[in-house]
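Chain naming here is simple, since letters A, B, ... match the order of the sequence lines and numbering starts at 1 in each. Heavy atoms only: backbone and side chains are in, while hydrogens, waters and symmetry mates are out.
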Protein chains: 2
Amino acid sequence: MTDPVPHRTENCLKISQVLSRIGDKWSVLIIMSLRSRTMRFSELKRGIDGISQRMLTLTLRNLERDGLVTRTVTPSIPPRVDYELTPMGHSLAEPVEALGTWAFQHIDRIAGAQARYDSEEL
Amino acid sequence: MTDPVPHRTENCLKISQVLSRIGDKWSVLIIMSLRSRTMRFSELKRGIDGISQRMLTLTLRNLERDGLVTRTVTPSIPPRVDYELTPMGHSLAEPVEALGTWAFQHIDRIAGAQARYDSEEL
DNA sequence: CAGTATCCGACATGATACTG
DNA sequence: CAGTATCATGTCGGATACTG
């Protein structure tokens with residue numbers, strides 16, 4: 001793998017800021033949902049299990065602020081708002097997906113390790 | 001990129017659990033620190049800027065519980081405890097690094113987007 | 001439909017002090 | 001050295017009600 005970025009503290013700090021954003025509970029789910037196509041607010045809400053209206057709004061605003069998502073308002077009645085990944089958002093989706101694939105492949109092993117750990121400690 | 005894992009809600013939930021762990025403020029820094037070599041508790045503490053003793057302990061415990069890190073105690077005076085990435089920990093480090101590389105490459109663009117967003121809204 | 005506003009409790013985290 | 005214990009605080013996020 002290419003490793004052009006040494007893990008100096010300075011770099012890691014910046015990186016962890018970005019990871020904090022995408023690492024929060026909902027950002028990744030939203031990004032993954034928008035990967036295939038533009039979606040409306042209500043579609044996202046229905047598609048992402050358990051997200052509250054408040055958190056969907058806040059997370060979308062943050063993603064928009066970061067330039068990862070565009071928000072397009074169509075003034076009609078009822079109003080319509082579409083969210084779409086920017087090119088940068090799409091490029092982020094790739095390494096996120098890689099991480100997701102890893103997570104999926106190792107979930108069982110992790111669960112096993114946790115069970116073992118929990119059983120031998122108390 | 002291979003995409004063997006469809007982003008079904010079920011999978012995404014599992015994935016987001018893992019992302020929550022590695023997405024927290026310190027786990028990634030620890031994993032990256034341990035990538036090159038085994039380190040003692042105090043070495044990690046010195047190497048990771050701003051981490052408190054408490055959070056280092058807690059995060060290491062979680063990583064150990066997940067099977068990502070091993071903890072080796074050498075009963076001596078003073079005591080010595082070494083932390084090391086497991087093979088699974090090393091395999092996680094790869095996609096994390098990819099994400100880190102992405103973050104590093106896009107940090108400026110993100111900062112710019114934020115500045116623009118903040119200036120036009122108030 | 002797509003939000004905003006408010007309240008409130010749970011948890012995460014830092015600071016500090018103490019220990020084998 | 002490598003923790004543990006306790007306390008204080010601040011943020012996150014859910015529930016609920018209201019609005020253009």
Could you tell me whether A:Lys45 contacts a base, only the sugar-phosphate backbone, or nothing, with contacts defined as non-hydrogen atoms closer than 4.0 Å? nothing

Does D:dC1 have OP1 or OP2 under 4.0 Å away from a side-chain N or O of B:Tyr83? no

Separation of D:dG13 atom P from A:Leu58 atom CG, nearest Å, is 9 Å

Side-chain contact test, heavy atoms from C-beta onward, threshold under 4.5 Å: evaluate it for B:Val81 versus B:Arg40 and give yes or no. no

Check whether any side-chain nitrogen or oxygen of B:Ser42 sits under 4.0 Å from OP1 or OP2 of D:dA2, and answer yes or no. yes

When the distance from CG of B:Asp24 to P of D:dC12 is rounded to whole Å, what number comes out? 15 Å

Salt bridge check: are A:Arg116 and A:Asp118 linked by an N-O gap of less than 4.0 Å? no

Without decimals, in angstroms, what is the distance between A:Lys25 NZ and D:dC12 P? 14 Å

Output the single nucleotide from C:dG3, C:dC1, D:dA2 whose closest atom is nearest the side chain of A:Arg40. C:dC1

Tell me the interatomic distance from B:Asn62, atom CG, to C:dA12, atom P, rounded to whole angstroms. 9 Å

One thing to verify: whether A:Glu84 and A:Arg71 come together as a salt bridge, which I'm taking to mean a side-chain N less than 4.0 angstrom from a carboxylate O. no

Write down the distance between CD1 (B:Ile30) and P (D:dA2), rounded to a whole number of angstrom. 14 Å

Separation of C:dC11 atom C1' from B:Met55 atom CE, nearest Å, is 11 Å

Given B:Glu43 and B:Arg37, is the salt bridge (Lys or Arg N to Asp or Glu O under 4.0 Å) satisfied, shown in steps? CA-CA 11 Å; B:Glu43 284 181 301; B:Arg37 63 181 179 85; 3.3 Å; yes

Starting at atom CZ of B:Phe41, determine the distance to atom C1' of C:dT19, rounded to an integer number of angstrom. 14 Å

Does the structure show a Watson-Crick or G-U wobble partner for D:dG20, both distances under 3.5 Å? Name it, or say none. C:dC1

Looking just at side-chain N and O atoms, do B:Asp24 and B:Ser27 make a donor-acceptor pair shorter than 3.5 Å? yes

Find which nucleotide of DNA chain C each of A:Leu60 and B:Pro79 is nearest to by heavy atoms, and output the residue with the more 5' nucleotide. A:Leu60

Minimum-distance nucleotide (side-chain atoms of A:Trp26 versus D:dG14, D:dA2, C:dT4): D:dG14

Report which part of the nucleic acid B:Arg54 touches: base, sugar-phosphate, or nothing (heavy-atom distance under 4.0 Å, all strands). base

If I take atom CD1 in residue B:Ile51 and atom C1' in nucleotide C:dA15, what distance separates them, rounded to the nearest angstrom? 15 Å

